[in-house]
Amino acid sequence: MDNLYNQNPITDEDIQILTMFSSQAGLAIENAILYRNLEEVHQRLKETQTFLVHQEKMAALGELSSTIAHEIRNPLVSIGGFARRLYRAIPDEAPEKRYTQTIIIEVSRLEKILSDLLDYTREEPLSFAEVDLREILEESFSQVSEKLDGGAIELRKQYSERIPKIMGDQQQLIQVFSNLFNNAYEAMKGKGTLSLRVLPIAKNGSTFVRIEVEDTGSGIDPENLHNIFNPFYSTKESGLGLGLPLVYKIVASHRGQIEVDNRPGEGVTFIITFPAAQQKEK
Ligand SMILES: Nc1ncnc2c1ncn2[C@@H]1O[C@H](COP(=O)(O)OP(=O)(O)OP(=O)(O)O)[C@@H](O)[C@H]1O
Ligand SMILES: [Mg+2]
């Protein structure tokens, strides 16, 4: 065979050079691939590490909060009980009546905070069963419906005809959606549209159920988006910041996933996917 360019015969030396060149090129390509894989693995390792550190911090925080909450709860119950007794004993016209009433209101606010905190930190054994998401979503709606009915909030519900059942804990799932509906309601400040869509999707040969909760509220400041699932992060005056962390915890324990489609100034969509329960053989 001759060299195409200068018509000279190809010498052994040429072949040697070419062989060397091609094996070097091969090595370079292989190195590049290895390097890319290494970078990917490194990135994943970094993410896992950040996640684990976060989990550890959250676990420590959870334990601490739960101890404090338990310690505070008993004295609080006594304060509330005695305040109610005083309230009944004090004549209506006395100014002290108002003071005791304030104590009662504030004590119940603190009790609510404690029960939210204990809900979040409690390691409740899940009671898994085949559950119907439509039923769960309707129940969650009815828990917030008083608030929704009052203002000018339009509800749009779109359930697919066939929604597969999922394996889950009914009560905990109701808590997930009532927290999301509450947040949506609070973000819309009494006016807007809350849309719910539920549909089955197929991914990698498995079936999932996708639930989208969309509001037309304020959206989330992009700078703070990374904080929303952290306990005690709240932008609300009376918020404790435990709603979304609890949502996250419950969804994760159901092997579900959460995505957030944030449209600052326009609204947010929370998208949750759960694996469908295995279809029973008929
Ligand atoms: N639908 C939403 N639209 C806009 N901002 C939201 C929405 N959902 C959550 N957020 C933001 O995320 C923060 C955290 O939400 P989360 O439910 O955890 O706590 P919270 O609602 O402030 O208090 P809590 O739920 O304990 O009463 C909120 O304070 C708010 O800033
Ligand atoms: Mg909330």
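Counting from 1, the numbers follow the sequence of the chain as shown. Numbering of ligands and ligand atoms starts at 1, following listing order.
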In plain terms, say whether E106 and R109 are close enough for a salt bridge, that is, a side-chain N and a carboxylate O under 4.0 Å apart.
yes

Does a donor on one side chain sit under 3.5 Å from an acceptor on the other, for Y185 and D215?
no

Ligand 1 and T235, any nitrogen or oxygen pair closer than 3.5 angstrom?
yes

Gap between atom NZ of K249 and atom OG1 of T121 - 0.5 Å precision
6.5 Å

Please verify the inter-ring angle class for F128 with H254; under 30° counts as parallel, over 60° as perpendicular, anything in between as tilted.
parallel

Taking only non-hydrogen atoms of P245 and a 4.0 Å limit, the atoms of ligand 1 in range are 18 (O)

Heavy-atom nearest neighbour in the protein, as seen from atom 14 (C) of ligand 1, with distance rounded to 0.1 Å:
Y233 O, 3.3 Å

Counting from 1 in the order shown, the ligand 1 atoms closer than 4.0 Å to a non-hydrogen atom of L240 are 23 (O), 24 (P), 26 (O), 27 (O)

Rounded to the nearest 0.5 Å, how far apart are CZ of F274 and OG1 of T207?
15.5 Å

Ion pair check, K97 and D92, cut-off under 4.0 Å:
yes

Distance under 4.0 Å to a non-hydrogen atom of V268: what atoms of ligand 1 satisfy this?
2 (C), 3 (N), 4 (C)

Decide whether T100 and R84 meet the rule of one side-chain donor and one side-chain acceptor closer than 3.5 Å.
no

heavy-atom search around atom 22 (O) of ligand 1 in the protein gives S234 OG, 2.6 Å

Closer than 2.8 Å to the Mg ion (ligand 2), what protein N/O/S atoms do you find?
N183 OD1

Nearest protein heavy atom with distance in Å, relative to atom 1 (N) of ligand 1
D215 OD2, 2.8 Å

F21: which other cluster members, linking ILVMFWY side chains closer than 4.5 Å, directly or transitively?
none

Which residue and atom name correspond to the protein heavy atom nearest atom 16 (P) of ligand 1, and how close is it?
L244 N, 3.6 Å

Run the salt-bridge test on R210 and E212 with the 4.0 Å N-O cut-off and return the result as yes or no.
yes

Atoms of ligand 1, numbered as shown, that sit under 4.0 Å from any heavy atom of G219:
4 (C), 5 (N)

Once rounded to the nearest 0.5 Å, what's the spacing between atom CD of E138 and atom CG of L133?
11.5 Å

I want to confirm something. Looking only at heavy atoms, which of L180, I220, N227, N183 is nearest to atom 6 (C) of ligand 1?
I220

Decide yes or no on side chain to side chain contact (heavy atoms under 4.5 Å, CB included) for Q49 and L52, but give the supporting numbers first.
CA-CA 5 Å; Q49 193 188 23; L52 284 178; 5.8 Å; no

Closest protein heavy atom to atom 21 (O) of ligand 1, given as residue, atom name and distance to 0.1 Å
K236 NZ, 2.6 Å

Can you tell me which residue and heavy atom of the protein come closest to atom 23 (O) of ligand 1, and the distance to 0.1 Å?
G241 N, 3.1 Å

Please write down residue, atom name and distance for the protein heavy atom closest to atom 11 (C) of ligand 1.
I228 CG2, 4.2 Å

Spacing of CG belonging to L199 relative to CD1 belonging to I201, to within rounding of 0.5 Å
7.0 Å

Decide whether an N or O pair under 3.5 Å exists between G239 and ligand 1.
no

Applying salt bridge (charged side-chain N to carboxylate O under 4.0 Å, His left out), run through E214 and R156 and close with a yes or a no.
CA-CA 10 Å; E214 180 184 319; R156 285 191 200 152; over 6 Å; no

Are side-chain N/O atoms of E47 and Q43 paired as donor and acceptor at under 3.5 Å?
yes

Within a distance under 4.0 Å of any heavy atom of S218, pick out the atoms of ligand 1 and give their elements.
4 (C)

Could you list which atoms of ligand 1 come closer than 4.0 Å to a heavy atom of A187?
2 (C), 3 (N), 4 (C)

